[in-house]
Amino acid sequence: NSIDSIAGTIHRGRYRIPPPDAPISGGSPGIATHGPLVGPYLCTVNVVIFGATGLLGRTLVALAPSGWTVAAYPRRECDIGDRGAVRAAIAAHRPQIVINAAAFTNVDAAESQPAAARRTNALGPGYMAEACHEAGARLIHVSTDYVFDGRAAAPYVEDAEPNPLSEYGRSKLGGEQ
């Protein structure tokens, strides 16, 4: 499934995915710290994960490699549709990597709430990109196949022409741009 492909099938079965209401463990609220050794090298990578209590976010936090210090932000702690909140979160942790696992994922609700979908799926990733640029961090943004119309006869390639058919797809495409 898509989580395996993102998190890496090498980890399948080695970790338990925590339930959505499970507290994020670590030395301080929102921080999950994993050991400092990576192979034979002493190495620490600072990572910020937005959407940390969703299915993808929980999985990424659980599968974080040794050497990663993860600042895990659920929606209640950082609204990614708030430019100032995103900038503050990234500035506070000075990450090398920011992962956007946050999204307005209710496809049907996006049709009746397009502004809310756009705020989270389009504006939020834009705010992250700006803050990452300022901080010198890399941004990993997860999108969806809803940015395409589904008419292709073969699997889509990364540079395929998008043609979203729904508000959800259009809002996610906005986050890619």
What are the two closest heavy atoms between [X] and [Y], and how far apart are they?
X: Arg119; Y: Asp82; result: NH2-N, 4.0 Å
X: Phe148; Y: Pro162; result: CD2-CA, 3.9 Å
X: Tyr146; Y: Ser166; result: CD2-OG, 4.1 Å
X: Pro95; Y: Ala137; result: O-CB, 3.2 Å
X: Ile80; Y: Met128; result: CG2-CE, 3.5 Å
X: Cys78; Y: Ala85; result: SG-O, 3.7 Å

Check your understanding: Can you tell me how far CG of Asn46 sits from CD of Gln96, rounded to the nearest 0.5 angstrom?
Key ->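 Separation between the atoms: 5.0 Å.
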Point to revise | Verdict with supporting geometry, Arg75 and Thr120, side chain to side chain contact (heavy atoms under 4.5 Å, CB included) | key: CA-CA 10 Å; Arg75 179 177 44 207; Thr120 300; over 6 Å; no
Using distance only, find each side-chain donor-acceptor pair of residues 170-177 under 3.5 Å and give its atom names and separation, not counting sequence neighbours.
| unit_1 | atom_1 | unit_2 | atom_2 | d |
| --- | --- | --- | --- | --- |
| Arg170 | NH2 | Glu167 | OE2 | 3.2 |
| Ser171 | OG | Asn121 | ND2 | 3.0 |
| Ser171 | OG | Glu167 | O | 3.4 |
| Ser171 | OG | Tyr168 | O | 2.8 |
| Lys172 | NZ | Val142 | O | 3.1 |
| Glu176 | OE2 | Ser143 | OG | 2.4 |

Exercise for review: Give me the ring orientation class for Tyr73 and His93: parallel if the planes are under 30° apart, tilted from 30 to 60°, perpendicular past 60°.
Suggested key: perpendicular
**Study point:** Arg87: side-chain hydrogen bond (donor to acceptor under 3.5 Å, both in side chains) partners, not counting sequence neighbours
**Key:**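 Here the qualifying residues are Glu134.
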Check your understanding: Same cluster or not: are Leu123 and Val147 linked, directly or through other Ile, Leu, Val, Met, Phe, Trp or Tyr residues, by side-chain heavy atoms under 4.5 angstrom apart?
Key ->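 Different clusters: Leu123 never reaches Val147 through Ile, Leu, Val, Met, Phe, Trp or Tyr contacts under 4.5 Å.
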Check your understanding: Considering the options Val86, Leu139, Asn100, which one meets the side-chain contact (heavy atoms from CB on, under 4.5 Å) requirement together with Pro125?
Key ->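 Per the side-chain contact (heavy atoms from CB on, under 4.5 Å) rule, the option paired with Pro125 is Asn100, out of Val86, Leu139, Asn100.
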Exercise for review: Apply the side-chain contact (heavy atoms from CB on, under 4.5 Å) test between Ile140 and each candidate in Ile99, Val98, Leu60; give the one that qualifies.
Suggested key: Ile99
Review point. Can you check whether Asn106 reaches Gln113 side chain to side chain, under 4.5 Å on heavy atoms?
Key: no
